[in-house]
Amino acid sequence: MALTEAVALAPIAFTFCVGALRQADASLESAVQVCGAGPVRILRSVVVPMLRPPIVYSSVLIVSMSLETPSVPLLYGQPSDAVDPDGVAVPGPGCVPRASLQAKWIRQTWM
């Protein structure tokens, strides 16, 4: 679930990186190229260090938003131990069956 949320939030990282590249000075890359560096060296010594802060910021934001995702089933879902004859979990009072199953799985796995 957190991995799916991280993939859905990937455009946030893209937006941070594009903003950083637009603000970057192109003369830095030109200067390194004039000194005889190839494309890989330009990428490694100029572009990646410029992108390091936006990647860290967007990673922290995406991880924190992804960890927030299980909070909804944990807060509103009640685990149900009742099972009908067909083997399907019966939801507790006032909860959605899917949310209760997710909350039960999260509690068993992570707590």
Side-chain angles (χ1 to χ4, degrees):
M1 188 162 40
L3 179 64
T4 305
E5 189 74 17
V7 170
L9 295 173
I12 292 174
F14 178 77
T15 306
F16 273 95
C17 292
V18 166
L21 287 175
R22 284 189 181 152
Q23 291 179 356
D25 190 12
S27 64
L28 295 173
E29 295 176 21
S30 300
V32 173
Q33 190 174 14
V34 167
C35 290
V40 175
R41 177 76 179 187
I42 293 171
L43 185 68
R44 191 180 65 195
S45 63
V46 176
V47 177
V48 172
M50 281 192 305
L51 288 179
R52 197 171 292 142
I55 289 173
V56 170
Y57 299 149
S58 61
S59 299
V60 168
L61 180 65
I62 288 172
V63 166
S64 64
M65 291 175 78
S66 297
L67 291 176
E68 177 189 357
T69 302
S71 65
V72 174
L74 281 174
L75 290 175
Y76 296 116
Q78 298 174 351
S80 173
D81 295 330
V83 177
D84 66 1
D86 296 329
V88 178
V90 178
C95 71
V96 179
R98 186 173 194 179
S100 66
L101 291 175
Q102 288 175 348
K104 186 175 182 179
W105 177 81
I106 290 170
R107 286 186 183 127
Q108 289 174 351
T109 306
W110 298 102
M111 295 181 181

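Residues A24 and M50 approach most closely at CB-SD, 3.4 Å, considering heavy atoms. When every heavy atom of L51 is checked against every heavy atom of A20, the shortest pair comes out as CD2-CB, 4.2 Å. In terms of heavy-atom proximity, S45 sits nearest to V32 at OG-CG1, 4.3 Å.
The hydrophobic cluster of V34 has no other members, since no ILVMFWY side-chain heavy atom comes under 4.5 Å of it.
A single hydrophobic cluster is seen to contain both V48 and L21, as judged by linkage of ILVMFWY side chains at heavy-atom distances under 4.5 Å, directly or through other members.
Atom CE of residue M65 and atom CD1 of residue I12 lie 4.5 Å apart, to the nearest 0.5 angstrom.
Of the residues listed (L61, I62, I55), the one engaging F16 in a side-chain contact (heavy atoms from CB on, under 4.5 Å) is L61, and it is the only one.
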